[in-house]
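Below is one structure; the comments refer to it alone.
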Amino acid sequence: MAAIRYELEKQCSITGARAGKIHTPHGTFETPIFMPVGTQATVKTVAPEELKTMGAGIILSNTYHLFLRPGHNLIKEAGGLHSFMNWDRAILTDSGGFQVFSLGPLRKISEEGVAFRSHIDGSKQFLSPEIAMEIQMALGSDIAMAFDECVPYPADHQYAKQSTERTTRWAERCKIANTRTADQGVFGIIQGGMYKDLRDMSVRDLVSLDFPGYAVGGLSVGEPKPLMYEILEHTVHQLPASKPRYLMGVGTPDCLVEGVMHGVDMFDCVFPTRVARNGTVMTRQGRLVVRNAAYERDFRPIEENCDCYTCRNYTRAYLRHLFKADEIFGLRLATIHNLHFLISFMRDMRQSIMENRFVTFREEFLAGYSPKDKGFM
RNA sequence: GGAUGGGUUCCCGAGUGGCUAAAGGGAGCAGACUGUAAAUCUGCCGGCUCCGCCUUCGCUGGUUCGAAUCCAGCCCCAUCCA
């Protein structure tokens, strides 16, 4: 049996939003789902037990970072990533493709692969589809991502085309290189920049390679939101309904709702965890910069009806104090809230799909939400 | 009572005649953050009727075209001696 299997439970007849389940070698999780990011074999500041308490069913980790440090062979020796980091639920590993994008000046792309300058010590490193697969097989993640190039924005059509075609060739090499098929599934990554014809091409080519799941990459890279939604909508519905769909790198509530509406099942994003460490917490109404002076004497929880550990026990004033005083507990409390918030948000969204009221859910959410926040309440 | 060192914008602390509203740091305030080079980064930080003006470097007076910077007296602070 395939390592990764998608089960569609319910679909919104109006929007196409899907509720389902994904079965992996390390358990089943319900979709749509948000995957907390644990780049370096840890979701920064929180323990695996805490992630479970929040209801996290799968987390993401990173090939590139673990390859550089501590090295995939060490992790293999430790019994694989699950054992190494004490996480027994599902893990998806990104391939290092995003680093091709984000490490910009430190990297050089060729047909063979990508030469990096390590951001840690400046040493020369090389990643190719074959190496990325070798690393991910050693890590033993449940879902491995194909090695791709995330097309930057803006990019001209010629560059986007050439890059996307190369990503397809790399995807094919990944598929051939991955031999751990019994307990690991490789997802292909759709690219194509902001060009619909290239997205069509990418979908067609990757779907013909028959991956157990597909990711939409190259979005949320600086383009305006309407454009992102337009490309997303254009792309997602072309993907096979029987396979999971994963929108990479998206994680603000408004984007999640729109992603789900267009039929996406999986999301990941550093946003909730990064922003938490910088003093911002997320709410149904928008962001709240809890580090701001406005909350100095605000003795309410972040969200009145939130049942996360942070909201059940601490106030905005206390969080602000911890941030002002540079106390690491503040980073933890904010991270716990933000992750709990997104995970519950997705669960509520799923519930609304199951109960045939997703459209209402979306409308009500959007009515009360300000994407840029500030000064509400 | 005497000796020496010192008093700079919220704090610490540079600055010893014009290029100084005054380095730098801290604190404070705000912003950014979307497959993590991020517990990071950026901006503001005397006042105003803000492309110019006003006030500020212990206090008062003086020298000078011009003073936080030089002179005089005074007031505080620190350490040492009586």
Using atom [atom1] of each nucleotide, how far apart are [N] and [M] to the nearest Å?
N	M	atom1	answer
rA67(B)	rC57(B)	C1'	11 Å
rU9(B)	rG13(B)	C1'	12 Å
rC50(B)	rU55(B)	C1'	15 Å
rG47(B)	rC11(B)	P	15 Å
rG52(B)	rA21(B)	P	13 Å
rC44(B)	rC10(B)	C1'	15 Å
rA30(B)	rA22(B)	C1'	25 Å

Of all pairs that satisfy ring-ring contact (aromatic ring centres under 6.0 Å, His included), the ones with a partner from [range], not counting sequence neighbours:
range	answer
residues 205-259 of chain A	none
residues 48-74 of chain A	Tyr64(A)-Phe116(A), Tyr64(A)-His119(A), His65(A)-His119(A), Phe67(A)-His72(A)
residues 23-53 of chain A	His26(A)-His82(A)

Where along [range] does a heavy atom fall under 4.0 Å from RNA chain B?
range	result
residues 122-138 of chain A	none
residues 185-200 of chain A	Ile189(A), Gln191(A)
residues 321-344 of chain A	Lys324(A), Ile328(A), Leu331(A)
residues 50-65 of chain A	Leu60(A), Asn62(A), His65(A)
residues 158-172 of chain A	none

Using OP1 and OP2 only, check whether a side-chain N or O of [X] sits under 4.0 Å from [N].
X	N	value
Gln99(A)	rA37(B)	yes
Ser102(A)	rA37(B)	yes
Arg274(A)	rA39(B)	no

### Task
On RNA chain B, check which nucleotide each of Leu106(A) and Cys255(A) is closest to and give me the residue with the more 5' one.
Cys255(A)
### Query
Asn292(A) or Ser220(A): which one's nearest nucleotide on RNA chain B is closer to the 5' end?
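Comparing both residues, the 5'-ward one is Asn292(A).
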### Task
Could you check Leu333(A) against His337(A) for side-chain contact (heavy atoms from CB on, under 4.5 Å), going step by step and ending with a plain yes or no?
CA-CA 6 Å; Leu333(A) 291 178; His337(A) 171 81; over 6 Å; no
Under a 3.5 Å cut-off for both distances, is [N] Watson-Crick or wobble paired, and to whom?
N	answer
rG1(B)	rC81(B)
rC74(B)	rG58(B)
rG35(B)	none
rA30(B)	rU42(B)
rU49(B)	none

Pairs: protein N or O with nucleotides 41-46 of chain B N or O, under 3.5 Å:
none

#### Entry: Backbone N/O of Val221(A) and side chain of Glu223(A): donor-acceptor pair under 3.5 Å
yes
### Query
Is there a donor-acceptor contact under 3.5 Å from the side chain of Thr164(A) to the main chain of Ala160(A)?
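Flag set: sc Thr164(A) to bb Ala160(A) pair under 3.5 Å.
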### Query
Considering all heavy atoms of both residues, which atom of Pro253(A) and which atom of Phe345(A) are nearest to each other, and what is their separation?
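Reported closest heavy-atom pair: O-CE2, 3.6 Å.
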### Task
Indicate yes or no: at least one non-hydrogen side-chain atom of Phe84(A) is less than 4.5 angstrom from one of Leu74(A).
yes
### Query
Do the charged groups of Asp265(A) and Arg18(A) touch, with an N to O distance under 4.0 Å?
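A salt bridge links Asp265(A) with Arg18(A).
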If you look only at distance, which donor and acceptor atoms sit under 3.5 Å apart when one is on a side chain in residues 317-331 of chain A and the other is two or more places apart or in another chain?
unit_1: Arg320(A); atom_1: NH1; unit_2: Arg291(A); atom_2: O; d: 2.8

#### Entry: Arg169(A): salt bridge (charged side-chain N to carboxylate O under 4.0 Å, His left out) partners, not counting sequence neighbours
Glu111(A)
## Note on the structure
Ser118(A) meets the side-chain hydrogen bond (donor to acceptor under 3.5 Å, both in side chains) criterion, sequence neighbours left out, with Asp121(A)
